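Remarks on the structure that follows.
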Amino acid sequence: MSRYNFRETEAKWQTVWEERRVFAAADDGPQPKYYVLEMFPYPSGRIHMGHVRNYTLGDVVARYMRARGFDVLHPMGWDAFGMPAENAAIENKVHPAKWTYANIDHMRGQLKSMGLSYDWSREIATCDPSYYRHEQKMFLDMLAAGLAYRKESWVNWDPVDQTVLANEQVIEGRGWRSGALVERRRLSQWFLRITDFADDLLESLALLERWPEKVRTMQDKWIGRSDGARIFFKLTNSPSGVADSIEVFTTRPDTLFGAAFVAIAVDHPLAAALAQQDSKLSRFIAEAGHLGTSEAAIETAEKKGYDTGLRAAHPFIPGHALPVYVANFVLMEYGSGAVFGCPAHDQRDFEFARKYGLPILPVVKPKDADVAAVGDAAYEGDGVLVNSQFLDGLAVDDAKAAAIEKLEELGQGRGETVYRLRDWGISRQRYWGCPIPIIHCAACGIVPVPERELPVTLPEDVSFDEPGNPLDKHPTWKHVTCPTCGGKAVRETDTFDTFFESSWYFARFCSPQAPQAFSQKAIRRWMPVDQYIGGVEHAVLHLLYSRFFTRALRRCGYEMPAEPFAGLLTQGMVCHETYRDAEGRWLYPEEVRRDENGQMVKISDGSPVTVGRVEKMSKSRKNVVDPAAIIESYGADTARLFMLSDSPPERDLEWSEAGVEGVWRYVNRLWRLVTEAELPAAGTAMPNSLSQELIGARRAIHKTIKSVSEDLEKFRFNRAVAHIRELTNLLGELAERSPADSGKAWVLREGFETLIRLLEPLAPHLAEELWQQLGHGKLLAESDWPQFDPDLVIDEMVTVAVQVNGKLRGQIELPRDAGREEAEAAALALPAVAKLADGKPPRKVIVVPNRIVNVVV
RNA sequence: GCCCGCUUGGCGGAACUGGUAGACGCAACGGACUUAAAAUCCGUUGGCCGUAAGGCCGUCCCGGUUCGAGUCCGGGAGCGGGCACCA
């Protein structure tokens, strides 16, 4: 019995595809374009199962669309700047560039062993000066356009990676990469004005119809738009040298008549000014500052305020003034760093008022209540305004508008919208990143590096012996002359956040060798990405930054579409069981086995092993399976098919050795079926008459074309695999069981050819090999997708279910589209139906053509 | 706390816009081939009752709409994810 030799076959076809440049994207091709892209990898050293899943999904789409007649762009590259290279430099005394390029070489080989249909001629590495020089130019353009700026501010400092992090990179108070608790530091940093596009980024989410709802919601929440009002409260008794008013942001201007106090953040400038003359206040501020930023600390922190003694005049009630507190729950970073409190209609203000004995005046009456009353909680819902002079009787929304109108009329405030989103801090105190092309001159200030001097490249002779930024400590690199005045000056030693590189790489792929960042023609040809595929973890990182970048670049005059990614598929994680030994140490899957009694034991000494939850594969838990080992022992096609067959792409996938074995058995079964079948020569005409069985088989073949096409169209790859296997089962049975004749042989050829053609996007090497075995000269990868015969996907006879009172009681065979009377008569004739009807005529008969007859008795 | 999603056999999952629940696969069990094993092939496999024909129950729970509900509506539980002193 012959076995499929994947080792030879896969290598063979990979070479053929490469030599014939089958997957080169046609810049000037005649067909409509289709750009499919997977999130490019960080070159950490070797690919993991997450990569295998991601790139398999993308490859299926790319191969399918190519077969469907599109000119496909399917590129691959390397997100090559980043911390691990520096860590490797520190640990192994190897230069980050050398380490990175060695990893790229190794991983490229691994990707090629998967048979992915990339146009490798477009490969890019972001750490290459020929790549990053363009983003230095972009940065200078953004600077000129006012989209990049420098400011001193509180930043998130990662003490382990010794660098600053953007807000998006802080997950639950910890660095997204290091996991270290983030500290606050005040530093001068470069920012990109992403907030300038907040509204557009938010509103355009509605247009991204082919994005998962989940990701859109996450971005929506992250941008966090709030509509409300800015209100100026005049201070009636502010000491000299201190501001005489406070600006407050609120989403509830309607509740202004219920205001009981004004509160400012502990780091509000006014609080700092007051603290100069008030030692108790400065102590209060110091204590509040100690409060951690961690979730738990915030959760348990008591709402505390300090009455400054200042009084703020109510904008609508002459002579009425509110106490001004410094409060630990007011955030300087949000709104204006100051709020007014309306205890009756905000739970936090309610608690604060109770604690400090402040009045609680209800101003919103719930619709179904007789009077507005103070209960034991704030009422935050809709209703009608009361106790509010000119607002009385208005609904909340109308009252908001009326209050804003009045504020504007009085010059006491104005309508305003604020966002949670903050500008993107892009400075990183690291070596292995793109240098920020700026020179600091004592005389001229901040001076952009002149364009003719780009790229600013990294020095190679750097030392990682001490902590901190090697660029800053380099003896000569940063010392330059000022391009403006010629005096002594220093380079910016910070580098860009590595999300900078990944914010435009998809556009570079369109013309990777262009002397400028992108050729206009190439952008028009290929952008936007039609289908983007990657992990959901980038929902508010990379995916938001990239959307911002296309907008910023457009404003700077670059050719760029409105949105970078028209379609998005977020794939689930690859998971595996976890194992621990008796001491609680994690074990690799290959260190354990199931013994004769079905118990999991350690292979080395037979000691018992605890099987833990199925979790995302991670090095720390050792529940990882190395794709290289799988490809080595089963081949790429088996790994690919398994990845596709068990779960829908957006759901998590549990890696199972048994499942892989099952796919491997399938691969061999198909191999044998096709290679052992006796088939007529390719192109033989269909015999004049076929038996009913063979016509049935042909129907199944053409139905499979239809359903697999639909499945691939909708990314239901697991169903596509199921349909392919179903047809395999049918053809296998036909081959073995029915008598041999020329008709059968012909149908088998049609069946196998179809099967192989449908399988190609999923398992390309096996399909290509079998295609050749069937006598085809033309490559399958260059062949068209099959068409189904419309007559064959419609059955002549249909099975109709017969129900009595909605319960299934039998089935009848009817000609397709049989009339109501015929269906009804056939159903009533069933003994089971007659029995239940008990001789009486049915009260009602519902006939759903070709589906069901329901007899109601 | 707020928002979103999910819940179907032992397991992963099918079921088009309300119309025969459990496709396809994994695991398990039985059998064939074999000296034996591997490989391969055939069969069984939601639960309960029954020798059988067949019947009853069954898509997280409770209720509703409907001739008919895994699918729609109301309420609840569990799990997962996002955000979180956001004014």
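All values reported here derive from a predicted model rather than from experimental measurement. Numbers restart at 1 for each chain; the letters A, B, ... are given by sequence-line order, proteins then strands. Computed from heavy atoms alone, side chains included, the values below leave out hydrogens, waters and symmetry copies.
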Below 4.0 Å: OP1/OP2 of [N] and any side-chain N or O of [X]:
| X | N | result |
| --- | --- | --- |
| A/Lys844 | B/C67 | yes |
| A/Arg420 | B/A84 | yes |
| A/Ser336 | B/A87 | no |
| A/Arg669 | B/A39 | no |
| A/Arg230 | B/A87 | no |
| A/Asn850 | B/G19 | no |
| A/Arg665 | B/C41 | no |

Taking the same atom, [atom1], in [N] and in [M], what whole-Å distance lies between them?
| N | M | atom1 | value |
| --- | --- | --- | --- |
| B/G10 | B/A28 | C1' | 8 Å |
| B/G18 | B/C73 | C1' | 13 Å |
| B/G12 | B/A23 | P | 15 Å |
| B/G68 | B/G78 | C1' | 29 Å |
| B/C72 | B/C67 | C1' | 16 Å |

Counting any heavy atom closer than 4.0 Å, what does [X] reach on the DNA or RNA strands: base, sugar-phosphate only, or nothing?
| X | answer |
| --- | --- |
| A/Gly662 | sugar-phosphate |
| A/Thr217 | nothing |
| A/Thr250 | sugar-phosphate |
| A/Asn729 | sugar-phosphate |
| A/Ser226 | sugar-phosphate |

What does [N] pair with, Watson-Crick or G-U, if both distances are under 3.5 Å?
| N | value |
| --- | --- |
| B/U71 | none |
| B/A77 | B/U7 |
| B/U40 | B/A32 |
| B/A53 | none |

Practice prompt. Determine whether any donor atom in the side chain of A/Lys303 lies under 3.5 Å from an acceptor atom in the base of B/C85, or the reverse, and answer yes or no.
Written response: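 Looking at the base of B/C85, it does pair with a donor or acceptor on the side chain of A/Lys303 (distance under 3.5 Å).
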
Which one, [options], comes nearest to the side chain of [X]?
| X | options | value |
| --- | --- | --- |
| A/Ile846 | B/A87, B/C24, B/G19 | B/G19 |
| A/Asn718 | B/G12, B/G13, B/A87 | B/G13 |
| A/Asn328 | B/C24, B/C85, B/G13 | B/C85 |
| A/Lys221 | B/C24, B/C3, B/G13 | B/C3 |

Fill in: Distance-only side-chain donor-acceptor flag, A/Thr195 / A/Asp423, under 3.5 Å
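Yes, a side-chain donor-acceptor pair sits under 3.5 Å.
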
Item to complete: Please work out which residues in residues 801-811 of chain A have a non-hydrogen atom less than 4.0 Å from an atom of RNA chain B and list them by number.
Response: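 Contacts with RNA chain B under 4.0 Å: A/Ala801, A/Gln803, A/Gly806, A/Lys807, A/Leu808, A/Arg809, A/Gln811.
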
Fit a plane to each ring of [X] and [Y], take the angle between them on a 0 to 90° scale, and name the class: parallel (under 30°), tilted (30 to 60°) or perpendicular (over 60°).
| X | Y | value |
| --- | --- | --- |
| A/Phe233 | A/His314 | perpendicular |
| A/Tyr579 | A/His576 | perpendicular |
| A/Tyr356 | A/Tyr325 | tilted |
| A/Tyr4 | A/Trp671 | tilted |

Fill in: Electrostatic pair A/Arg252:A/Asp349 at N-O distance under 4.0 angstrom
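A/Asp349 and A/Arg252: not salt-bridged.
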
Discussion item. Suppose we screen for side-chain hydrogen bond (donor to acceptor under 3.5 Å, both in side chains). Which residues come up paired with A/Lys355, at least two apart in sequence or across chains?
Written reply: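 Residues passing side-chain hydrogen bond (donor to acceptor under 3.5 Å, both in side chains) with A/Lys355: A/Glu302.
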
Item to complete: Sequence neighbours left out, what passes side chain to side chain contact (heavy atoms under 4.5 Å, CB included) with A/Leu569? Give chain and number order.
Response: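 A/Leu569 satisfies side chain to side chain contact (heavy atoms under 4.5 Å, CB included) with A/Gln531, A/Ile533, A/Pro649, A/Glu650, A/Phe715 once adjacent residues are dropped.
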
Discussion item. Tell me if B/G74 is syn or anti. Syn = glycosidic torsion within 90° of 0, anti otherwise.
Written reply: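 The base of B/G74 is oriented anti (glycosidic angle more than 90° from 0).
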
Worksheet item: Run the salt bridge (charged side-chain N to carboxylate O under 4.0 Å, His left out) check on A/Glu213 and A/Arg216 step by step: do they pass?
Response: CA-CA 5 Å; A/Glu213 190 64 46; A/Arg216 288 193 276 169; 3.4 Å; yes

